[in-house]
Amino acid sequence: DGRVMNKRQMFMEALRCDPNLAVTYKCLSLLLSGNETVTLNDGREMNQRQLLIEALRCNKDYTPAYTILSGLLSDKETVTLSDGRVLTRTQLAQEASKRGGDQNDCVCM
């Protein structure tokens, strides 16, 4: 349709087309820094952690989201996943390890 989009706009458009793509939430999270947030097409405002939790809601076996999320937590922090589990940094890394898979998917380029 002739539109020119930056990466953030491209991922937002991908979520508009399919809001259940875990990789898209992960890629969008990687574009955010610090306390930055993004407002999704459905009006929800999310930060990097929330986007990764949403990725795991879409695909509970999505290894990269566990890995990245574990890297965002300090040793004493926990995160509550959409399924209600409360996990530490170490537990998130263990979840990633259990699931294996591609740790370095390159879809976000």
Side-chain angles (χ1 to χ4, degrees):
D1 64 8
R3 288 182 289 170
V4 176
M5 293 189 242
N6 63 31
K7 285 182 181 182
R8 184 178 293 200
Q9 292 166 327
M10 183 180 63
F11 292 126
M12 293 294 288
E13 181 66 11
L15 287 175
R16 187 189 66 73
C17 294
D18 186 349
N20 293 307
L21 288 174
V23 66
T24 308
Y25 289 102
K26 186 230 18 181
C27 290
L28 193 53
S29 80
L30 295 175
L31 296 176
L32 301 182
S33 59
N35 293 327
E36 190 177 6
T37 62
V38 64
T39 302
L40 301 181
N41 298 315
D42 62 8
R44 291 180 294 162
E45 189 173 334
M46 294 190 165
N47 63 26
Q48 192 174 28
R49 289 181 186 187
Q50 292 166 323
L51 287 166
L52 292 165
I53 291 167
E54 188 67 10
L56 291 171
R57 183 198 61 75
C58 294
N59 180 355
K60 67 178 177 59
D61 294 319
Y62 190 49
T63 303
Y66 285 106
T67 302
I68 297 165
L69 193 52
S70 73
L72 295 175
L73 297 182
S74 70
D75 289 335
K76 296 183 182 198
E77 285 183 288
T78 61
V79 65
T80 303
L81 301 184
S82 58
D83 63 7
R85 291 181 296 154
V86 179
L87 300 177
T88 65
R89 177 183 188 162
T90 300
Q91 290 169 319
L92 286 165
Q94 289 169 343
E95 289 293 324
S97 179
K98 272 196 308 194
R99 284 163 173 73
D102 188 2
Q103 297 279 342
N104 299 308
D105 61 357
C106 58
V107 177
C108 299
M109 289 185 202

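For the single chain, residues carry numbers from 1 onward in sequence order. Given the structure is predicted, the values throughout are model-derived calculations rather than measurements.
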Report yes if the side chains of [X] and [Y] come closer than 4.5 Å at any heavy-atom pair, otherwise no.
X: R3; Y: Q9; result: no
X: L92; Y: R89; result: no
X: K26; Y: L52; result: yes
X: I53; Y: L69; result: yes

Please confirm whether the backbone N or O of [Y] pairs with a side-chain atom of [X], one donor and one acceptor, at under 3.5 Å?
X: E45; Y: T39; result: no
X: Y66; Y: D61; result: no
X: N41; Y: M12; result: yes
X: R8; Y: L32; result: no

How close do [X] and [Y] get, heavy atom to heavy atom, and via which atoms?
X: M46; Y: Q50; result: CA-OE1, 3.1 Å
X: A55; Y: A65; result: CB-CB, 4.1 Å
X: C58; Y: P19; result: SG-O, 3.9 Å

Tell me whether [X] shares a hydrophobic cluster with [Y], the cluster being built from Ile, Leu, Val, Met, Phe, Trp, Tyr side chains joined at under 4.5 Å.
X: L81; Y: L73; answer: yes
X: L40; Y: F11; answer: yes
X: M10; Y: V38; answer: yes

Report, as yes or no, whether the 6.0 Å neighbourhood of atom CG on D18 holds more than 12 heavy atoms from other residues, nucleotides or ligands.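 Counting neighbours around CG of D18, more than 12 heavy atoms of other residues, nucleotides or ligands fall under 6.0 Å, so yes.
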Only counting residues at least two apart or in another chain, list the ones meeting salt bridge (Lys or Arg N to Asp or Glu O under 4.0 Å) with D42.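 Expected list: R44.
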Out of T63, L87, L56, which one pairs with E95 under the side chain to side chain contact (heavy atoms under 4.5 Å, CB included) rule?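 When T63, L87, L56 are each tested with E95, the side chain to side chain contact (heavy atoms under 4.5 Å, CB included) holds only for L87.
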Kindly compute the distance separating [atom1] ([X]) from [atom2] ([Y]), expressed to the nearest 0.5 Å.
X: T67; Y: Y62; atom1: OG1; atom2: OH; answer: 10.0 Å
X: N59; Y: E54; atom1: CG; atom2: CD; answer: 12.0 Å
X: R49; Y: E77; atom1: CZ; atom2: CD; answer: 4.0 Å

